[in-house]
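Everything below concerns the one structure shown next.
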Protein chains: 2
Amino acid sequence: MKTNNLYKGSLTTIILKLLNEHDKMYGYEITQKVKEITKGELNITEGALYPSLHKLEADGLVDVEFRKVNNRMRKYYMLTELGTQETVNKLAQLEDYIRNMRALVNPKFRTLD
Amino acid sequence: MKTNNLYKGSLTTIILKLLNEHDKMYGYEITQKVKEITKGELNITEGALYPSLHKLEADGLVDVEFRKVNNRMRKYYMLTELGTQETVNKLAQLEDYIRNMRALVNPKFRTLD
DNA sequence: TTCTTATGCATATAATTTCTATGTATTAAA
DNA sequence: TTTAATACATAGAAATTATATGCATAAGAA
C-alpha cells in the first residue's frame, strides 16, 4: 500500500466496512472502490487483498459465492453474522486509534476526552 | 501494543513527534509519556521501542547522549536536522491516512475536498 | 490483427513491524 | 527483604503487507 506504512493493520477494517455497506463484492471490485474513494491515494495490492479475504473466510467472517458474469468467473464475498459484529468492533478500534493518535501528535487534543 | 493492530506502522511517527516536542527524551520516559497521554490505552513495549530507536539512530534521524542520573544510566535521544524534517513528513502522512480512512469508513466524508 | 490495457483470480517469497519472552541492574517503598 | 518501579537491551516468533509472478478472458488501439 504505497510508501505510507501507517496502513499496516487497517486492511481488514477497510474490507469489512466496504462489505458491510455493499452486501456483496468481489476482489477486483474492492481494489477499485478503495482507489475511487481515496482518489488514487490508496491502492490495495492483490498480494495483500486475496490472502486477507481468504483469512476472513477461514475465520467465518465472510461467506463466498461464485458467479459467472460476462463469461468470466467472479468470487463474491459477503459478511456473515459474525462478520457484521466484527465490523462494529473494528470501526470502534479505528475511532480509538484516531483519537489516541490525535492526542499524541496534537497537544491541543490532550485535555479533551 | 495491545490487541489493536492498527498501531502497526505508527510507532516511528509517535516517537518523532514526542522528540520534536520535548527536545530530548530517554526510552523509558517515552513509554510513560505515551501511556499518560493515551490514558493507558496504548502501551509501547520495550521490544518494539528499542529496536525502533536504534533504527532511527542508524538512519541519522536522532542523536544520542548518555547521562548518569541518580547513579543510573540514561540514554537520551534527540532529533537531528534530518529527523526534524522527517517528523514533518510523518505527520503529513498521518493526516492523509486519517483523511482516507474517514472517507472509507464514513460515507459522509466522501464528497468533501 | 496483434499488442496493450483492463478485468479477475491466486500464490510464493521477501520485507517490515511489532510482540513475547528473557536478561541485567539499580532504587524506592512496603 | 521482597516487590514494584526504573532503565537498558536482544533473540526469536508472529502478524501483516509488498513484490513478483502466474493464469485467463475481454475490449480497444495500432
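We name chains A, B, ... by the order of the sequence lines, and we start the count at 1 in each one. This is a predicted model, so every value here is computed, not measured. The analysis underlying the following values was restricted to heavy atoms, covering all of them including side chains, and did not include hydrogens, waters or symmetry mates.
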| Is B:Val88 reachable from B:Leu11 through a run of hydrophobic residues whose side-chain heavy atoms are each under 4.5 Å from the next? | no

| request: Could you encode protein contacts along nucleotides 1-9 of chain C as a string, one character per nucleotide from 5' to 3', using B for base contact, S for sugar-phosphate-only contact and - for no contact, with a heavy-atom cut-off of under 4.0 Å? | output: -----SBSB

| task | Return the value, rounded to whole Å, for the distance between atom CD of A:Glu57 and atom C1' of C:dA10. | result | 13 Å

| message | Whole angstroms only, please: what is the CG-C1' distance between A:Leu49 and D:dT21? | response | 17 Å

| request: Keeping the roles fixed (side chain from B:Thr38, backbone from B:Val34), state whether a donor-acceptor pair exists under 3.5 Å. | output: yes

| Considering the options B:Leu94, B:Ile15, B:Ile37, which one meets the side chain to side chain contact (heavy atoms under 4.5 Å, CB included) requirement together with A:Leu104? | B:Ile37

| message | If you take the centroid of each ring, where Trp contributes its six-membered ring, are B:Tyr77 and B:Tyr26 closer together than 6.0 Å? | response | no

| field | A:Tyr97 side chain to A:Arg99 side chain, donor-acceptor N/O pair below 3.5 angstrom | value | no

| query | Roughly how many Å is it from CG in A:Leu56 to P in D:dT16, rounded to a whole number? | reply | 10 Å

| message | Nearest whole Å is fine: how far is D:dT6 C1' from B:Asn43 CG? | response | 15 Å

| query | Starting at CD1 of A:Ile44 and ending at C1' of D:dT17, how long is that distance when rounded to a whole Å? | reply | 10 Å

| Should the pair A:Lys55-A:Glu57 be classified as a salt bridge under the 4.0 Å nitrogen-to-oxygen rule? | no

| said: Once you apply a heavy-atom cut-off of 4.0 Å, does A:Gly9 come out as touching a base, just sugar-phosphate, or nothing? | reply: sugar-phosphate

| Rounded to the nearest Å, what distance is computed from the CZ atom of residue B:Arg67 to the P atom of nucleotide D:dA7? | 14 Å

| said: In whole Å, I'd like the distance from the CD1 atom of A:Ile30 to the C1' atom of C:dA10. | reply: 15 Å

| request: Considering just the side-chain nitrogens and oxygens of B:Asn5, establish if one lies under 4.0 Å of OP1 or OP2 belonging to D:dT16. | output: yes

| For the hydrophobic clusters of this structure (ILVMFWY residues joined by side-chain heavy atoms under 4.5 Å, transitively), does one cluster hold both A:Leu16 and A:Met78? | no

| message | Can you work out whether B:Asn71 or B:Pro51 has the more 5'-proximal nearest nucleotide on DNA chain C? | response | B:Pro51

| request: Rounded off to whole Å, could you give me the CG-to-C1' distance for the B:Leu6 and C:dT17 pair? | output: 14 Å

